[in-house]
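Reviewing the structure listed below.
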There are 2 protein chains.
Amino acid sequence: MRSYGQLCAVAKALDAVGDRWTLLIVRELLIRGAARYTDLHTGLPGIATNLLAERLRELEQSGVVRRYDAPPPVATALFELTERGRDLEPVLDALGRWGGPLLAEPDPAAAFQTHWLALPARLRLSDHEPDRRPITVELRTGDEPLTLTTRDGRIDARPGAAETPDLVLDGPPQIVIGVLLGTLEPDQAQAHGLRHEGDIALLRRVQPRTPGARPNDLISPTVA
Amino acid sequence: MRSYGQLCAVAKALDAVGDRWTLLIVRELLIRGAARYTDLHTGLPGIATNLLAERLRELEQSGVVRRYDAPPPVATALFELTERGRDLEPVLDALGRWGGPLLAEPDPAAAFQTHWLALPARLRLSDHEPDRRPITVELRTGDEPLTLTTRDGRIDARPGAAETPDLVLDGPPQIVIGVLLGTLEPDQAQAHGLRHEGDIALLRRVQPRTPGARPNDLISPTVA
DNA sequence: CAGCATCCGCTTTGATACTG
DNA sequence: CAGTATCAAAGCGGATGCTG
């Protein structure tokens, strides 16, 4: 992109990561750690392959992304964030918090991939009772299951099913997101297609405590 | 802009404010409060006038900006952020913190306007001794002076000179920024053109205490 | 003058095809 | 798998003109 040419920290940041797709590439790398080109391409539905290649080059150039050859027997190129790149997490966090309410608008054409939930899960959920036995929540709401586990007061998110989940949530993505973030009450969520197995009361242990999210905020009137 | 079409809070946020210039328009409105079209245009050097008009329309559409007619005798249109728009402040804050180190690269072509300092001043400086007499710092480093004053532990920034400043800083923008944020030691700053009148020791009262910014971080080796 | 709209050349993006 | 090549469409930047 052409530089804004302004001696301003915000403008300089946007010079580096303000291009179309760039921050979503960072999102993918924050979620996945190291990733292959193909992983990034499938995690960013809609991106043109030449753009992905060009953005990765620019991000490498600006010190946000590191590219390296995976050791044998993998023998493929991998991309990962540098420390400077991981420093973008607060930017993604702020954008995600601001954008959260926008998920309420029904958008039937929107793509959804379960691993996208890993970022809000790590940034916005936590374990309020870290001294009790760890718990495992399995989400079934997209292309693959996602498993959340508590560890040291924080939440880990990993793709795949859990062996012995304490709670399984199954339903439309918007509803699962809403019930996880506490913007949708469980009974409301069930009316919108949420199904669960296990102890739904465990949710309170990980939901954000911060007020500010009013109940049903995430669900627009047309849905609710 | 074309939507990313992804059910992800970050992608939705970028759908709304990811367009070129959009977040810089929000920056101007965060700094200025209410602003006229012409104020925005001069505060955003390089933007095409039709783009500014189009972005303002989009921001109004998405509930970020409110447009209204100023009461007589002003009789001009004013733009200001809605509450939803002011909620973008953490996004600008995160971007600015990440972009701060990029200001170190010398960029002779870059434009600079003093009022841009008002945002980092409010977000990153504070008064660590709010019970003492308020202080006033005048910055002379761009198109117009900027005056910082302490109030209730926070920092107000207003354009214009101070009547009786406790400290006046004068010098190149990068140097003044560095010395304010504490990434440049006063003696180093003086070697790079900083001049001051008054009590330079007052700086410690408002500089960020957060570590993380290492001395001279803001000044690249080629400058320092 | 403030607040745009129009026009035009240039750059960026998106979609698809192709390659080592 | 990991891209490059190609080309049409959309977006942007700059200049200019219009309107209250």
Side-chain angles (χ1 to χ4, degrees), chain A residues 1-6 11 14-25 28-29 32 34-62 65-80 109-111, chain B residues 1-6 11 14-25 28-29 32 34-62 65-80 109-111:
Chain A
M1 180 175 42
R2 188 207 259 220
S3 165
Y4 288 110
Q6 297 184 2
L14 291 173
D15 280 346
V17 298
D19 261 330
R20 185 155 167 81
W21 291 108
T22 300
L23 283 175
L24 295 186
I25 293 172
E28 287 297 309
L29 290 170
R32 297 175 186 267
R36 295 175 304 172
Y37 185 90
T38 307
D39 299 329
L40 296 175
H41 192 249
T42 62
L44 295 164
I47 196 174
T49 174
N50 58 338
L51 272 193
L52 176 54
E54 187 180 331
R55 293 289 182 270
L56 285 170
R57 243 180 328 233
E58 294 163 351
L59 287 170
E60 200 181 347
Q61 183 74 20
S62 62
V65 162
R66 190 168 72 96
R67 181 213 157 102
Y68 63 100
D69 293 322
V74 184
T76 181
L78 291 180
F79 298 88
E80 68 177 11
Chain B
M1 180 177 42
R2 192 155 160 197
S3 167
Y4 288 110
Q6 298 184 2
L14 292 173
D15 280 346
V17 298
D19 260 330
R20 186 157 166 79
W21 290 110
T22 300
L23 282 175
L24 294 185
I25 294 172
E28 287 298 309
L29 291 170
R32 296 175 186 269
R36 295 175 305 170
Y37 184 91
T38 306
D39 299 329
L40 296 175
H41 193 247
T42 62
L44 295 164
I47 194 173
T49 173
N50 57 337
L51 272 193
L52 176 55
E54 186 179 330
R55 293 289 182 272
L56 285 169
R57 240 178 286 127
E58 294 163 351
L59 286 170
E60 200 181 348
Q61 184 73 20
S62 61
V65 161
R66 191 169 71 96
R67 180 210 162 105
Y68 63 100
D69 294 322
V74 185
T76 181
L78 291 181
F79 299 88
E80 67 177 9

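- Residue pairs meeting the salt bridge (charged side-chain N to carboxylate O under 4.0 Å, His left out) criterion with at least one member in residues 40-55 of chain B, sequence neighbours excluded, are B:Arg55-B:Glu58.
- Remark: A:Arg66 is positioned above the aromatic ring of A:Tyr68, its terminal NZ or CZ atom under 6.0 angstrom from the ring centre and at most 45 degrees off the axis.
- The shortest heavy-atom contact between A:Gly18 and A:Met1 is C-CE, 3.9 Å.
- When rounded to the nearest whole Å, the span between CD of B:Glu58 and C1' of D:dA10 equals 13 Å.
- On the nucleic acid side, DNA chain C contacts chain A at distances under 4.0 Å to non-hydrogen atoms, with the end points of that region at C:dT13 to C:dA17.
- Rounded to the nearest 0.5 angstrom, A:Leu29 CG and A:Leu40 CG are separated by 5.0 Å.
- We find that CG of A:Asp69 is positioned 13 Å from C1' of D:dC1, with the value rounded to whole Å.
- Proximity of A:Arg2 to the phosphate of D:dG11: no side-chain N or O atom is located under 4.0 Å from OP1 or OP2.
- Contacts between residues 15-24 of chain A and DNA chain C, defined by a heavy-atom separation below 4.0 Å, involve A:Asp19, A:Arg20, A:Trp21, listed by number.
- Rounded to whole Å, atom C1' of D:dC12 lies 14 Å from atom CG of B:Leu52.
- For the segment residues 41-50 of chain A, residues with any heavy atom less than 4.0 angstrom from an atom of DNA chain D are, sorted by number, A:Thr49, A:Asn50.
- Between its two ends, the helix from C:dC1-D:dG20 to C:dG20-D:dC1 turns its axis by 30°, counting five pairs per end and rounding to 10 degrees.
- Listed by chain and residue number, B:Glu28, B:His115 satisfy the side chain to side chain donor-acceptor pair (under 3.5 Å) test with B:Arg32 (two or more places apart in sequence, or in another chain).
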